[in-house]
Amino acid sequence: MRVEPRFRDQIKCLVLKDRRAKALDEALSPRDRIAFNGFLVSVIAVLIAPRLGERCEIEDLAAFSDEVAAMHRRERRPVNEFVVEEVLRHIYGAPPLARTTPAPPTAVSWAGAAIVRYLNGTDLSIAADIDRILDMAVDLHQRRTRSRVD
């Protein structure tokens, strides 16, 4: 599946702390948000691999989710750590926490943005290498979505 250039731009703005990120997020239609979230998950997968590795235990995902949520609480940007963990579980193929009611798409976007902000705040190389990271995420996203269609 093709990645919209505005989705790349939104992630880049988020990482570079450009205030346009908020406007781009608010401009997403409900359908666009779902597509954006799919790409956001691919971006997080690229960013998280150096931190958590290719495989990790559910306990590691929960602990990382708690770290993300704690940082955001300190910054007065509360985020639902369960949705953060849900995003991470999806990336790692772990069973979802909520089997009956999935998280609303906006909550997934906010949780994903929280993960990106956390990783960006703890790894200064992300901002400097954002274009290459986004290229890798586009490639991963295309492979992930192609395998679902095939």
Side-chain angles (χ1 to χ4, degrees), residues 1-18 20-22 24-26 28 30-75 77-98 102-148:
M1 176 180 276
R2 185 176 167 276
V3 173
E4 295 280 336
R6 61 194 165 124
F7 296 168
R8 279 182 66 113
D9 193 35
Q10 185 173 340
I11 300 293
K12 189 172 184 174
C13 287
L14 177 67
V15 167
L16 299 178
K17 300 176 183 172
D18 181 325
R20 290 182 307 129
K22 183 177 180 182
L24 289 166
D25 184 65
E26 290 172 351
L28 292 173
R31 184 176 177 177
D32 288 343
R33 182 165 306 282
I34 291 168
F36 172 76
N37 286 348
F39 178 58
L40 180 58
V41 166
S42 295
V43 171
I44 294 166
V46 169
L47 292 174
I48 201 80
R51 174 77 182 256
L52 296 180
E54 295 295 318
R55 299 174 192 254
C56 67
E57 301 296 321
I58 289 176
E59 295 79 18
D60 298 324
L61 298 178
F64 183 78
S65 300
D66 289 343
E67 285 178 41
V68 171
M71 183 202 77
H72 280 76
R73 276 192 299 274
R74 283 191 302 275
E75 293 180 353
R77 288 183 177 191
V79 66
N80 186 324
E81 63 261 31
F82 296 112
V83 181
V84 170
E85 185 174 343
E86 199 70 29
V87 170
L88 296 171
R89 282 171 170 258
H90 178 75
I91 290 168
Y92 281 95
L97 289 171
T106 52
V108 172
S109 296
W110 295 339
I115 295 167
V116 171
R117 276 193 299 273
Y118 177 80
L119 290 168
N120 188 46
T122 58
D123 181 350
L124 302 177
S125 70
I126 291 172
D129 210 14
I130 190 60
D131 289 320
R132 186 182 68 77
I133 289 166
L134 290 171
D135 289 343
M136 292 170 56
V138 166
D139 181 58
L140 175 62
H141 184 69
Q142 289 172 340
R143 284 185 283 129
R144 283 179 52 235
T145 54
R146 190 175 318 123
S147 67
R148 271 191 253 143

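The shortest heavy-atom contact between Leu28 and Arg33 is CD1-NH1, 3.8 Å. Heavy-atom minimum distance, Pro105 versus Ile34: CG-CG1, 4.1 Å. The shortest non-hydrogen separation linking Leu40 to Val108 is CD2-O, 4.3 Å. Of all heavy-atom pairs between Ile115 and Val87, the closest is CD1-CG1, 4.0 Å. Residues Val83 and Ala111 approach most closely at CG1-CB, 3.6 Å, considering heavy atoms. Val79 and Ala69 get closest at one heavy-atom pair: CG1-CA, 3.8 Å.
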*Please step through side-chain contact (heavy atoms from CB on, under 4.5 Å) for the pair Phe7 and Val138, ending with a clear verdict.*
CA-CA 10 Å; Phe7 296 168; Val138 166; over 6 Å; no
*Start with the C-alpha distance between Glu86 and Asn80, add both sets of side-chain angles, then the distance that settles side-chain contact (heavy atoms from CB on, under 4.5 Å), and finish with yes or no.*
CA-CA 10 Å; Glu86 199 70 29; Asn80 186 324; over 6 Å; no
*Are Asp135 and Arg8 close enough, and set up right, to give a salt bridge (charged side-chain N to carboxylate O under 4.0 Å, His left out), and what steps lead you there?*
CA-CA 9 Å; Asp135 289 343; Arg8 279 182 66 113; 2.9 Å; yes
*Assess whether side-chain contact (heavy atoms from CB on, under 4.5 Å) is satisfied between Val84 and His72, documenting all intermediate values.*
CA-CA 12 Å; Val84 170; His72 280 76; over 6 Å; no
_Derivation and outcome, salt bridge (charged side-chain N to carboxylate O under 4.0 Å, His left out), residues Arg6 and Asp32_ = CA-CA 10 Å; Arg6 61 194 165 124; Asp32 288 343; 3.0 Å; yes
*Begin with the C-alpha distance, continue with both residues' side-chain angles, and end with the deciding distance and a verdict on salt bridge (charged side-chain N to carboxylate O under 4.0 Å, His left out) for Lys12 and Asp131.*
CA-CA 8 Å; Lys12 189 172 184 174; Asp131 289 320; 2.9 Å; yes
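Atom OG1 of Thr106 and atom CG of Asn37 lie 8.5 Å apart (nearest 0.5 Å). The CD1 atom of Ile126 lies 10.5 Å from the CZ atom of Arg132; values are rounded to the nearest 0.5 Å. If you take CG on Asp60 and CZ on Arg51, they are separated by 10.5 Å, rounding to the nearest 0.5 Å. Taken from OH in Tyr118 to CD1 in Ile48, the straight-line distance is 9.0 Å, to the nearest 0.5 Å. Summarising the geometry, atom CG belonging to Leu47 is positioned 6.5 Å from atom CD1 belonging to Ile130; distances are rounded to the nearest 0.5 Å. In this structure, Ile91 CD1 and Cys56 SG are separated by 9.5 Å, a value rounded to the nearest 0.5 Å.
Remark: Glu57 engages no residue in a salt bridge (Lys or Arg N to Asp or Glu O under 4.0 Å) (not counting sequence neighbours).
Side-chain contact between Phe39 and Ile11: present, with at least one pair of heavy atoms (C-beta onward) separated by less than 4.5 Å. The closest side-chain heavy-atom distance from Glu85 to Asp66 is not below 4.5 Å. Between Thr122 and Glu67 the shortest side-chain heavy-atom distance does not fall below 4.5 Å. Inter-residue side-chain proximity for Leu61 and Leu52 is flagged as met; some heavy-atom pair is nearer than 4.5 Å.
Around OH of Tyr92, the count of heavy atoms belonging to other residues, nucleotides or ligands within 6.0 Å exceeds 12.
Without hydrogens or angle criteria, Glu81 side chain to Val68 main chain gives no donor-acceptor distance under 3.5 Å.
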